[in-house]
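Quick notes on the structure that follows.
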Amino acid sequence: MSPLPRDFFARSAHDVAPELIGVTLLVDGVGGPIVEVEAYDQDDPASHAFRGPTPRNAPMFGPPGHAYVYRSYGIHWCLNVVCEEPGRAEAVLIRALRPESGLERMRARRGLERERDLCSGPGKLCQALAVTNEHDGLPLDAPPFELLARTGTPEVAAGTRIGLSVAADRVWRYGLAGSPFLSRPL
DNA sequence: CAGTGGATGCTCT
DNA sequence: GAGCATCCACTGT
């Protein structure tokens, strides 16, 4: 597998999101192919970028191809990849992946055995891959990150996003059709 | 299964 | 001071 092209993220999050399904994400060698993502753009009331730049969302207004990591509900971390429609702040939330590499490290970090539950949600995924605010703003084409292009063309399904109190009806969630590693079916 | 509620900390109003 | 881009344990069918 080869690294993603450098300009992969220099596009709208709506174009990038479905193409991330099947891309392998590794952090310090731990991870696997992405099976679920959600897109967020600047005109989106559910997006952290909606109300303009703040200290927290600064990476979203920075160059594409970098990580945006935020704390969720005071407990979990969530990982986004920053995209760039020219002049806009956009990102794709990585919600789930199929555990493939570093299974034992994932199990130890999660305190779980079941493979299906290791990375089936944004908070779980960050715990399994040990992603924290220390990764906020880091480039995705340099260690500890590794993104490997997919080899085939997976069947991508779309659905509504999860856990939102506004703009919950937008069909901006993408996943590998039928995968048992999704946070929820599509 | 489905539904409910608590944990917990930070950001922005 | 309110409100989270969540997860888990617990309840009740």
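Residue numbers begin at 1 in each chain, while the letters A, B, ... track the order of the sequences.
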*Would you say C:dA5 has OP1 or OP2 under 4.0 Å from some side-chain N or O of A:Arg71?*
no

*What integer distance in Å separates A:Trp77:CH2 from B:dA7:P?*
21 Å

*A:His76 NE2 to B:dT8 C1': how many Å, rounded?*
9 Å

*So which nucleotide from B:dT11, B:dA7, C:dA5 ends up closest to the side chain of A:Met60?*
C:dA5

*Presence of A:Arg110 side-chain N/O under 4.0 Å of C:dC8 phosphate oxygens OP1/OP2*: yes

*Between C:dA5 atom C1' and A:Arg161 atom CZ, what is the distance in whole Å?*
8 Å

*Report yes if the side chains of A:Leu93 and A:Val37 come closer than 4.5 Å at any heavy-atom pair, otherwise no.*
no

*Heavy atoms under 4.0 Å, any strand shown: does A:Arg95 hit a base, just sugar-phosphate, or nothing?*
sugar-phosphate

*Pair A:Tyr70 + A:His48: ring centers closer than 6.0 Å*: yes

*Should B:dT8 form a Watson-Crick or G-U wobble pair with both distances under 3.5 Å, which nucleotide is its partner?*
none

*A:Ile94 CD1 - C:dT6 P separation (whole Å)*: 14 Å

_Quick check on DNA chain C: between A:Ser165 and A:Gly121, whose nearest nucleotide comes earlier from the 5' end?_
A:Ser165

*Output yes when at least one side-chain N/O atom of A:Ser47 is less than 4.0 Å from OP1 or OP2 of C:dA5, else no.*
no

_Residue A:Ile75, side-chain atoms from C-beta onward, closest of B:dT8, C:dA5, B:dT13_ = B:dT8

*Round to the nearest Å and state the distance from A:Asn57 atom CG to C:dC4 atom P.*
16 Å

_Residue among A:His76, A:Arg110, A:Arg109 satisfying side-chain hydrogen bond (donor to acceptor under 3.5 Å, both in side chains) with A:Gln127_ = A:Arg110

*Side-chain heavy-atom pair A:Ile94, A:Val81 within 4.5 angstrom cut-off*: yes

*Taking OH from A:Tyr73 and P from B:dT4, how many angstroms apart are they, rounded to a whole number?*
15 Å

*CZ of A:Arg184 versus P of B:dC1: gap in Å, rounded?*
14 Å

*Round to the nearest Å and state the distance from A:Leu112 atom CG to C:dC7 atom P.*
12 Å

*Which pair of heavy atoms, one from A:Leu140 and one from A:Phe145, lies closest together, and at what distance?*
O-CB, 3.5 Å

*Answer with base, sugar-phosphate or nothing: what part of the nucleic acid does A:Gly123 contact at a heavy-atom distance below 4.0 Å?*
sugar-phosphate

*So does A:Tyr70 reach the base of C:dA5 with its side chain, donor to acceptor, closer than 3.5 Å?*
yes

*What nucleotide, of C:dC7, C:dA5, B:dT11, holds the atom closest to the side chain of A:Leu93?*
C:dA5

*Taking only the side-chain nitrogens and oxygens of A:His48, find out if one of them lies under 4.0 Å from OP1 or OP2 of B:dT11.*
no

